[in-house]
There are 4 protein chains.
Amino acid sequence: MNKVILMGRLTKDPEMRYTNTNNIPVCSFSLAVDRRFSRQNEEKQTDFFPIVAWNKNAEFCSKYLQKGKKIVVVGRLQTRTWDDNEGKRHYITEVIAEETYFAESKKAEGSYNVDDYSPMAVSEQPSEGFVPIDDDDELPF
Amino acid sequence: MNKVILMGRLTKDPEMRYTNTNNIPVCSFSLAVDRRFSRQNEEKQTDFFPIVAWNKNAEFCSKYLQKGKKIVVVGRLQTRTWDDNEGKRHYITEVIAEETYFAESKKAEGSYNVDDYSPMAVSEQPSEGFVPIDDDDELPF
Amino acid sequence: MNKVILMGRLTKDPEMRYTNTNNIPVCSFSLAVDRRFSRQNEEKQTDFFPIVAWNKNAEFCSKYLQKGKKIVVVGRLQTRTWDDNEGKRHYITEVIAEETYFAESKKAEGSYNVDDYSPMAVSEQPSEGFVPIDDDDELPF
Amino acid sequence: MNKVILMGRLTKDPEMRYTNTNNIPVCSFSLAVDRRFSRQNEEKQTDFFPIVAWNKNAEFCSKYLQKGKKIVVVGRLQTRTWDDNEGKRHYITEVIAEETYFAESKKAEGSYNVDDYSPMAVSEQPSEGFVPIDDDDELPF
DNA sequence: TTTT
DNA sequence: TTTT
């Protein structure tokens, strides 16, 4: 099991790219997450984490997220290595976003907004032809 | 291990009470949480969960939360039994809130607000005379 | 957002059923989860939660789980209503299992076991023809 | 909000240290966490994450955990910087363990074991003179 | 109605 | 018994 849940703000607009061999969409950005406990009277502390989203979630992120937006990311931790030009190996720990939620509605209530008709969250899970899993009224017990 | 994380809105103002024997503060409310997957073309579905907060977190909730407010609750699931007047036993599953976060800032950005100086989150964990646990620059390795 | 993570033991063998209209597999069982904090010198306290798994996860649970087995369940909380024979409405809160993990290997290490070749975990997410999401070496950055 | 939940095995015995200025106990180790989805027919993939525990949880980890032990860690993600001897700044992402659970009982059932009388889990939260938070029978509603 |  |  490997779960990460973060609430924070994008430090920049997300970057959309595509995988070289399979042209899979990848979206990446950095999330600023405030710490809760710090030394008394100390100024606020913030951690910055690299987030990576794939496939449908990548498209969602690149379309609906911008710098400063407050979101909740549910995903998993992952480690990646890369070698710099001096041949030195670097380890980087990233959060792979599996679900993304808006954590605030920027617009005042009542004001029309094109976003009203857009999805509020997305996940890696299938959405077309999806067999209902919340099949409550048919529960056989 | 027993963890619950919910994002949703209060359906009413929270209720503050005190335990009979030890006068411990308890705050309770109901949280409306929208479902993510439903059958195609079906109307939105929502679950309603009873939330209970104790001690400092109870005081925080009763002070800063109101009907309609969007929050994130981190806590644990718990079961409680009570017997009705016919002597029938009932089982109820509640979420004990251990941490509470605001999930949106109602006020427009830039506008002065007394809340700017109030805590944005609270937990059951101690806060006075608290030995720092984020003691980074002193890490002995 | 709606996440639940529990570690505990099955109180009975799981029950496998099928939905009436769509014949969707549903597996249900009860999970005993020990509490961590109780009053000093008090006996251990345990909560019992109803767990429901659908589709592939239902088949996994009914095949690999038995009474007493220790597992980790990752899922979401859900509420369901049913009316008893006196027409009284009842509310029940269940955990919908989205991922299931074994939390201990019963057999001693080194001993051959048919389970060595069976899945250790399953989720609602697709597994056939699955486009890799851990496509690290192809990352375009 | 910042939550991480990992299940995996220690790659080495944990290392216990003490902070220079305040002599606070810190325990660190590396956790091997298997991935769930990998490309078809590919060999198993594993991520390795640095874990840091403080105070009481540090003492628990150093006392009860060893290389190979399977545990569940609940905590938070944190970033730390350090400068190497060439003055280059490095960023490292660590998991601060707030709660630690055993995920398997190594010994066969029935065999006496000193561990039977030791704590099965520990957290940063206070344990002495602890006002009960599971004060069920006194609930004023 | 409960598991180890 | 429900919120936006």
Side-chain angles (χ1 to χ4, degrees), chain A residues 101-113 115-117 120-121 141, chain B residues 1-2 6-15 28-35 43-51 65-73 79 81 83 88-93 102-106, chain C residues 1-2 6-15 28-35 43-51 65-73 79 81 88-93 102-106, chain D residues 101-111 113 115-117 120-121 141:
Chain A
Y101 302 88
F102 296 157
E104 70 182 4
S105 33
K106 265 275 194 44
K107 297 292 158 207
E109 36 281 1
S111 81
Y112 174 83
N113 179 225
D115 278 11
D116 291 346
Y117 298 94
M120 292 303 284
F141 53 91
Chain B
M1 193 190 30
N2 179 334
L6 300 172
M7 183 163 65
R9 293 179 188 280
L10 296 241
T11 62
K12 284 191 203 148
D13 285 352
E15 283 190 61
S28 60
F29 53 90
S30 167
L31 200 69
V33 177
D34 290 338
R35 286 197 196 166
E43 72 271 31
K44 187 183 64 154
Q45 281 186 291
T46 304
D47 290 297
F48 300 91
F49 303 114
I51 315 284
L65 303 185
Q66 312 88 31
K67 176 176 173 174
K69 196 138 208 164
K70 192 181 185 188
I71 61 169
V72 170
V73 166
T79 277
T81 62
D83 304 315
K88 223 164 145 189
R89 174 143 298 190
H90 293 258
Y91 294 83
I92 148 166
T93 300
F102 295 156
E104 70 183 4
S105 35
K106 265 272 194 45
Chain C
M1 194 191 27
N2 180 334
L6 300 173
M7 181 161 66
R9 293 182 187 279
L10 296 241
T11 62
K12 285 191 205 150
D13 285 353
E15 284 191 62
S28 60
F29 53 90
S30 167
L31 200 68
V33 178
D34 290 338
R35 285 197 196 164
E43 71 273 31
K44 186 183 65 154
Q45 282 187 291
T46 304
D47 290 297
F48 300 91
F49 302 114
I51 315 284
L65 304 185
Q66 311 88 33
K67 176 177 173 173
K69 196 138 208 164
K70 192 180 184 189
I71 61 169
V72 170
V73 166
T79 276
T81 63
K88 222 163 146 191
R89 175 144 297 191
H90 294 258
Y91 294 83
I92 148 166
T93 301
F102 296 157
E104 71 183 1
S105 34
K106 264 273 193 47
Chain D
Y101 303 89
F102 296 157
E104 70 183 4
S105 34
K106 263 274 194 48
K107 298 294 159 206
E109 37 281 1
S111 83
N113 179 227
D115 277 13
D116 293 343
Y117 299 95
M120 291 304 285
F141 53 92

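Worth saying up front: this structure is predicted, and the values here are computed from it rather than measured. Throughout, protein chains are lettered first and strands after them, A, B, ... in sequence-line order, and every chain is numbered starting at 1.
Taking 3.5 Å as the limit, the base of E:dT3 and the side chain of C:Thr46 contain a donor-acceptor pair of atoms between them.
If you take NZ of B:Lys70 and C1' of F:dT3, they are 11 Å apart, rounded to a whole angstrom. Taking atom CZ on B:Phe49 and atom P on F:dT2, their separation rounds to 15 Å, with Å as the unit. F:dT3 atom C1' lies 11 Å from atom NZ of B:Lys12, rounded to whole Å. Going from atom CZ of B:Arg89 over to atom P of E:dT2 covers 10 Å, rounded to whole Å. In this structure, CZ of C:Phe102 is placed 20 Å from P of E:dT3, rounded to the nearest angstrom. Rounded to an integer number of Å, the gap from NZ of B:Lys69 to C1' of F:dT2 is 19 Å. F:dT4 atom C1' lies 14 Å from atom CD1 of B:Ile71, rounded to whole Å. B:Asp47 has its CG atom 13 Å from the C1' atom of F:dT3, to the nearest Å.
When all heavy atoms of B:Asp13 and B:Lys67 are compared, the pair lying nearest together is OD1-N, 2.8 Å.
With distances taken from any side-chain atom of B:Ser30 to the nucleotides F:dT2, E:dT2, F:dT1, the minimum falls on F:dT2. With distances taken from any side-chain atom of B:Thr11 to the nucleotides F:dT3, E:dT4, F:dT1, the minimum falls on F:dT3. Comparing F:dT1, E:dT3, F:dT3 against the side chain of C:Lys44 picks out E:dT3 as the nearest. Of the candidate nucleotides F:dT1, E:dT3, F:dT4, F:dT4 has the atom lying nearest to any side-chain atom of B:Arg9.
C:Asn2 is linked by a side-chain hydrogen bond (donor to acceptor under 3.5 Å, both in side chains) to nothing, counting only residues two or more places apart in sequence or in another chain. Contacts of C:Asp47 classified as side-chain hydrogen bond (donor to acceptor under 3.5 Å, both in side chains), with partners at least two apart in sequence or in another chain: C:Arg35.
The structure places OH of B:Tyr91 at 6.5 Å from OG1 of B:Thr81, a figure rounded to the nearest 0.5 Å.
At the phosphate of F:dT2, neither OP1 nor OP2 sits under 4.0 Å from any side-chain N or O atom of C:Tyr91.
C:Thr79 has its side chain out of reach of B:Phe48: every pair of non-hydrogen atoms, C-beta onward, lies at least 4.5 Å apart.
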